[in-house]
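For ligands, and for the atoms within them, numbers begin at 1 and follow the listed sequence.
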Amino acid sequence: MADIARLSLNTATVRTQWSLAQCIDGCVRHGIGTIGPWRDKLRGLGTEQAAKMITGAGLKVSGLCRGGTVTASDKAARQAALDDTRKAGDEAVALSADCLVLVVGGLPDGSCDIAAARDQVNDGIGALLDHARACNLPLAIEPLHPMYAADRACVNTLAQANDICDDLGDGIGIAIDVYHLWWDPELKAEIARARGRILGFHVCDWLVPTRDLLVDRGMMGDGVIEIAKIRSWVEAAGYHGPIEVEIFSEGDWWRRDPDEVLKTMIARFESVV
Ligand code: ZN
């Protein structure tokens, strides 16, 4: 089983219940040493104040979620998206985050051309790399499940993310989320191929049935993902960093007492992850 010291609370897991300040306090109370904030939570406090509170609480930051929506229908929108991701990069640096997680964007408005969208992703991330390298901030592409190809991310397999990293070179890596990648028959081989570029590892579970494409993720152990097996592949590929628990769950975990959520998360991390 995974070392509990690697557990990181991704703030999405208690998104509806807690502010960032409450998440920080919750981590301290429950003995969790690492946090993975979303930018929506950051806005409540401001980056500088958030960084102070996180450091003051003795917490580390795994990944900052998220930037990198680089697909857009025109040049101005693409530029605005790149600028926003650079800003997210500055926030990640201020927080001393391990990486900035990139969710690359789906089809631009009005487009049906997914190949063109994927070309935009390569170009867009390439355009971000100078800034990221100058800040010494690794960018982590997070491939999303293919059901999000149209509206959230047209990078849908680890193979695609590995190809982008091969193309673009230093400064770019990958966040592996079991929810998005568990089904892929090439997963084990592509994790091995990702050696040296794995920047984050996210866990939750795939419920059967999944009733909502976005906000019906399961607590580890309640679904069908072989999380410990995938973790062992990720470790065999050299990644021993934080493991973020990231659960979007409108009908269940977002309705519960957040302290109960954290207690369950810790117990399941110890028994399932
Ligand atoms: Zn994730």
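- Under the 4.0 Å criterion applied to side-chain N and carboxylate O atoms, Lys263 and Glu260 are not assigned as salt-bridge partners.
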Review point. After noting the C-alpha distance and the side-chain angles of Arg197 and Asp166, does the key distance pass the salt bridge (charged side-chain N to carboxylate O under 4.0 Å, His left out) rule?
Key: CA-CA 10 Å; Arg197 58 171 66 131; Asp166 283 348; 2.7 Å; yes
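- At least one donor-acceptor pair closer than 3.5 Å links the side chain of Glu244 to the backbone N or O of Gly63.
- Around the Zn ion (ligand 1), protein N, O or S atoms at a distance under 2.8 Å total 4; waters are neither shown nor counted.
- For the 3.5 Å distance criterion, the side chains of Asn10 and Trp38 qualify, holding a donor opposite an acceptor.
- Between the side chain of Ser111 and the backbone N or O of Pro108, no donor-acceptor pair lies under 3.5 Å.
- Cluster annotation: Tyr239 and Val101 are assigned to distinct hydrophobic clusters (Ile/Leu/Val/Met/Phe/Trp/Tyr, side-chain heavy-atom contacts under 4.5 Å, transitive).
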